[in-house]
Number of protein chains: 2
Amino acid sequence: MTHQQKMDYLQQSFSVRFEYKVIFTGHLFSRSNTALKDFFDSRRSDNIKKIFFVVDEGVAKHHPSLEQDIRAYFSDIKGYSLIPEIFKIEGGENAKNNSGYFYKLVNAVDEFGIDRHSYIVAVGGGSILDLVGYAAAVSHRGIRHIRIPTTVLSQNDSGVGVKNGINYQSKKNFLGTFVPPVAVFNDYHFLTTLSDQEWRSGISEAIKVALIKDAGFFNWLRDNAHLLARRDMTAMKYLIERCARMHVEHIAGGDPFEMGSSRPLDFGHWSAHKIEQLSNFAIRHGEAVALGIALDSTYSWLSGRLTEAELKQIVSMMKTVGFAVTHPLMQIHDENSVLLQGLNEFREHLGGKLTIMLLDAIGKGVEVHELDVPLLIKASDWLRASS
Amino acid sequence: MTHQQKMDYLQQSFSVRFEYKVIFTGHLFSRSNTALKDFFDSRRSDNIKKIFFVVDEGVAKHHPSLEQDIRAYFSDIKGYSLIPEIFKIEGGENAKNNSGYFYKLVNAVDEFGIDRHSYIVAVGGGSILDLVGYAAAVSHRGIRHIRIPTTVLSQNDSGVGVKNGINYQSKKNFLGTFVPPVAVFNDYHFLTTLSDQEWRSGISEAIKVALIKDAGFFNWLRDNAHLLARRDMTAMKYLIERCARMHVEHIAGGDPFEMGSSRPLDFGHWSAHKIEQLSNFAIRHGEAVALGIALDSTYSWLSGRLTEAELKQIVSMMKTVGFAVTHPLMQIHDENSVLLQGLNEFREHLGGKLTIMLLDAIGKGVEVHELDVPLLIKASDWLRASS
């Protein structure tokens with residue numbers, strides 16, 4: 001045993017590099033649009049790779065030629081084999097609530113022999129992307145995944161990021177992972193068939209990042225709120241690109257897999273998560289975030305951070321876009337108001353220490369570690385009176 | 001709309017850094033051993049973090065004071081709260097085959113309010129570590145996870161790595177992720193209660209890395225095979241530390257999350273995976289790998305790579321350790337032999353292109369992309385005749 005040596009521990013250290021493009025385009029599956037073809041051509045290898053599409057049922061309904069367009073588009077691309085069956089799954093929170101969908105996807109991976117170097121492509125809103133991204137992330141320890149977000153919210157925020165997940169026993173994103181997609185294609189044409197509510201809903205995440213990080217973007221939102229309200233596509237494309245860029249840079253510059261405890265992008269979210277749940281998800285995430293932003297902006301003013309003039313600009317802009325800034329479920333009457341449970345749940349979600357983002361100014365977020373309940377009641381009252 | 005600008009795509013690029021220690025120790029839960037206490041003390045924060053233990057039923061049976069020792073050990077550590085209920089789960093492949101265990105763990109995370117900054121500690125063999133690691137990886141998008149491997153195989157190979165997973169519809173590791181643990185504690189004392197079969201079984205991974213990467217380590221194995229066979233702990237500690245170090249370095253130096261298609265550590269594994277399945281997991285992974293190594297080493301000789309003298313050294317060393325080098329399920333009689341299906345399944349697992357590691361010499365692996373069936377039949381015959 002002459003080789004025996006003293007070794008108390010090994011230090012493992014490595015970095016894993018992740019790269020992907022977020023491509024802004026329109027009419028992605030038109031034969032004249034080569035964005036997707038170029039992507040696949042650039043990754044072609046000796047082995048035929050499979051491509052499996054999962055499409056939001058609502059998107060398929062609004063775009064009746066979509067499946068046919070996808071099949072026609074891929075008939076031209078060499079080195080890949082499109083799985084003939086295109087899966088359709090209902091959009092919205094149900095996609096994440098019903099674990100049957102997760103197993104339906106996992107079974108498809110098995111049945112169609114989709115390996116780790118094949119591709120699963122999700123076309124739809126944030127819920128479909130979250131569900132499909134999760135199924136792709138855990139099947140064979142990770143199948144390559146492409147996102148084609150079809151809503152404002154998914155194009156400017158969740159769809160360009162690195163998270164996925166499904167709900168478990170009504171708990172939001174209880175099961176999920178951090179796994180980046182291999183590419184994101186934002187096709188503005190899908191936005192044309194959104195309802196007004198869906199169109200508006202995604203704007204709240206843009207308002208959020210502008211308020212905590214970018215006063216110039218806030219001014220743009222203020223000046224273009226009326227155009228956004230009347231569904232001006234040029235304004236919306238600008239909003240999405242700028243917001244997506246901030247989101248992408250935030251992820252790369254910070255803590256992509258959120259190993260620390262800070263969650264700076266969760267401005268307005270502690271109450272938003274709670275009223276989504278209290279409303280049984282009748283209030284959409286984007287509308288809930290708008291309500292949460294209004295509440296925490298008002299609190300920022302009442303606690304001496306934001307000026308009254310700034311707050312009024314924020315509230316006025318949000319109303320011009322079409323957002324409600326108050327809601328019966330957002331009322332805080334006393335210390336026992338059910339909305340306040342959202343603070344505890346948010347604390348648990350963060351891992352023990354409460355960290356809430358407030359505003360020192362428009363474009364300047366600041367983290368605090370507690371909120372004053374009497375001031376929250378005042379903020380809730382002020383918003384109710386203002387609307 | 002004066003702000004409109006041309007922007008076809010955003011390029012996202014970032015790296016995520018992972019660090020963890022693999023600590024070699026003994027009697028981890030003895031009050032005089034501060035390894036685990038030091039780890040937790042160094043990570044203490046203002047917020048009480050929870051610690052949830054999951055223990056291999058077999059390990060608990062062989063170490064009847066283990067639960068009590070764990071409770072006593074943590075009663076001394078400030079800043080943490082041990083979940084009083086210590087979960088016990090049957091070890092072996094059943095832990096990964098029965099999805100009820102996965103949900104049992106996820107439900108525990110929910111019920112006990114275990115957040116992302118709390119810890120799940122798994123004590124057991126590779127199957128328990130894989131199961132618990134997977135549940136930890138996907139709950140809340142990743143709870144911190146500590147591994148305490150109790151078998152030779154998990155201490156020198158799988159337990160110090162970054163993979164986890166469970167089986168799905170009998171398909172090995174069909175669901176899983178790449179997520180590093182925050183620490184690994186290798187306690188040699190657990191090895192004292194292994195059966196001879198378990199003790200031996202883990203040695204095959206050490207033989208594997210020695211053969212493909214490290215002739216010096218092979219010579220050590222050859223010279224110490226008799227000590228390993230008679231359960232000499234000093235020899236085993238050396239083997240585990242050296243093998244674990246090679247495994248840790250391989251992960252850091254290569255492609256930790258296996259985004260490419262090379263799988264150099266899968267020497268001998270194409271047939272090993274298949275006979276495990278054919279035997280309904282009656283043949284343990286380590287024994288199956290030994291059989292696979294014998295087959296592919298013999299094939300390496302027959303295809304003009306390895307010398308006969310080298311092959312004989314390999315086979316003789318494996319027999320001295322106590323391994324069988326042939327088995328009825330390993331026989332290849334003709335092109336329709338069921339074992340050959342393992343080649344196709346391995347190809348699918350890799351993602352289309354078959355890559356098999358062979359030996360150019362002891363300590364020098366070489367990748368090939370096809371195997372010759374008549375030569376495989378010869379190799380199988382030679383091994384049967386040699387034993």
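Quick note: numbers below take in every heavy atom, side chains included, and nothing from hydrogens, waters or symmetry partners. In what follows, chains are A, B, ... by sequence order, proteins preceding strands, each numbered from 1.
In this structure, the separation between CZ on A:Phe14 and CZ on B:Phe257 is 5.0 Å, given to the nearest 0.5 Å. Within the model, atoms CG of B:Asp115 and NZ of A:Lys353 stand 14.0 Å from one another, a figure rounded to the nearest 0.5 Å. For the atom pair A:His140 NE2 and B:Lys171 NZ, the distance stands at 8.5 Å (nearest 0.5 Å). Interatomic distance, CG of A:Asp8 versus NZ of B:Lys21, reported as 11.5 Å (0.5 Å rounding).
Contact annotation for B:Ala135: neither backbone nor side-chain heavy atoms come within less than 4.5 Å of a heavy atom of chain A. Both the backbone and the side chain of B:Val109 come within less than 4.5 Å of a heavy atom in chain A. For B:Ser118, no part lies under 4.5 angstrom from a heavy atom of chain A.
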Step-by-step side chain to side chain contact (heavy atoms under 4.5 Å, CB included) determination, A:Tyr103 to B:Tyr168: CA-CA 10 Å; A:Tyr103 284 106; B:Tyr168 180 67; 3.5 Å; yes
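In terms of heavy-atom pairs under 4.5 angstrom with chain B, the leader among A:Ser15, A:Ser139, A:Gly113 is A:Ser15. Taking A:Val184, A:Asn107, A:Asn186 one by one and counting their heavy-atom pairs under 4.5 Å with chain B, the maximum is reached by A:Asn107. Across B:Glu249, B:Arg116, B:Lys50, the residue that shares the most heavy-atom pairs under 4.5 angstrom with chain A is B:Arg116. With chain A as the partner, the residue from B:Pro256, B:Ala35, B:Gly142 showing the most heavy-atom pairs under 4.5 Å is B:Pro256.
Shown here are the ring-ring contact (aromatic ring centres under 6.0 Å, His included) partners of B:Phe346, two or more places apart in sequence or in another chain: there are none.
Within 6.0 Å of CD on B:Gln169 lie more than 12 heavy atoms contributed by other residues, nucleotides or ligands. With a 6.0 Å radius and a threshold of 12 heavy atoms from other residues, nucleotides or ligands, A:Glu370 has its CD atom at or below the threshold.
By the 4.5 Å heavy-atom criterion applied to side chains, A:Met259 and B:Val16 are counted as neighbours. Residues A:Val138 and B:Phe174 form no side-chain contact, since every pair of their non-hydrogen atoms from C-beta on lies 4.5 Å or further apart. You'll find the side chain of B:Leu10 reaches within 4.5 Å of the side chain of A:Phe24, heavy atoms only.
Contact between B:Val248 and A:Gln12 at its shortest, heavy atoms only, is O-NE2, 2.8 Å. Residues B:Thr177 and A:Arg141 share a closest heavy-atom pair of O-CD, 3.6 Å. For the pair A:Ser13 and B:Ala252, the tightest heavy-atom approach, listed with the atom from each and the gap, is O-CB, 3.7 Å.
Residues of residues 157-165 of chain B placed with any heavy atom under 4.5 Å of a heavy atom in chain A are listed by number as B:Val162, B:Lys163, B:Asn164.
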